[in-house]
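When a residue number appears, it is its place in the shown sequence, counting from 1.
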Amino acid sequence: MPQKDPCQKQACEIQKCLQANNYMESKCQAVIQELRKCCARYPKGRSLVCSGLEKEEENLTLMSGSK
C-alpha cells in the first residue's frame with residue numbers, strides 16, 4: 001500500500017483557502033508558506049505534492065537568472 005503524502009494536508013488547506021478567497025493567491029500566503037515548510041522537511045521526491053512546488057521554484061530561478 002503506498003504511503004500517504006506527508007504534505008497532502010497542507011495542499012488541501014491551500015485549495016480550501018483559494019476557493020474561499022475567489023482564487024486570490026495573495027490571501028493564502030500563510031497556508032502556502034506552511035506547505036513550503038512541510039516540503040523543506042522531506043527529501044526531494046518524497047512528496048508528490050512538493051514536486052509541483054519544486055518545479056515552480058526551479059522555473060522562477062531560471063527566469064530570474066535570464067535577465
Side-chain angles (χ1 to χ4, degrees):
M1 185 169 166
Q3 283 187 307
K4 185 175 186 232
D5 193 307
C7 298
Q8 180 72 38
K9 180 180 181 254
Q10 288 81 0
C12 289
E13 290 302 316
I14 290 173
Q15 289 302 314
K16 286 182 203 172
C17 181
L18 289 171
Q19 288 173 354
N21 290 289
N22 204 24
Y23 294 90
M24 292 181 66
E25 236 180 270
S26 61
K27 300 216 180 221
C28 299
Q29 289 304 307
V31 288
I32 292 170
Q33 190 58 37
E34 287 303 311
L35 176 62
R36 290 183 196 282
K37 285 181 191 176
C38 182
C39 291
R41 286 190 291 248
Y42 295 96
K44 199 170 189 173
R46 170 68 176 88
S47 168
L48 184 61
V49 168
C50 295
S51 66
L53 188 61
E54 290 160 1
K55 284 184 176 144
E56 179 183 310
E57 289 175 352
E58 285 173 15
N59 288 339
L60 288 174
T61 301
L62 289 173
M63 287 175 18
S64 67
S66 65
K67 287 183 180 178

Practice task
Calculate, to the nearest 0.5 Å, the distance between atoms CD1 and SG belonging to Ile14 and Cys28 respectively.
Solution key: 8.0 Å
Practice task
Could you tell me whether the side chain of Leu48 reaches within less than 4.5 Å of the side chain of Ser51, counting heavy atoms only?
Solution key: yes
Problem - Shared hydrophobic cluster, Met24 / Val31 (ILVMFWY, side-chain heavy atoms < 4.5 Å) - result: no
Handout entry: Atom pair CZ/SG of Arg46 and Cys50 - distance to nearest 0.5 Å
Key = 9.5 Å
Practice task
May I ask you to test the Cys7-Leu35 pair for a side-chain heavy-atom distance under 4.5 Å?
Solution key: yes
Exercise for the section: Could you note down all residue pairs passing salt bridge (Lys or Arg N to Asp or Glu O under 4.0 Å) where residues 12-31 supplies at least one of them, sequence neighbours left out? Expected result: Glu13-Lys16
Exercise for the section: With rounding to the nearest 0.5 Å, note down the distance linking CD1 in Ile32 to NZ in Lys37. Expected result: 13.5 Å
Fill in the blank from the handout: d(Lys4 NZ, Ser47 OG) to nearest 0.5 Å is 11.0 Å
Problem - Reported CD-to-CD distance for the pair Gln8 and Gln10, which is rounded to 0.5 angstrom - result: 9.5 Å
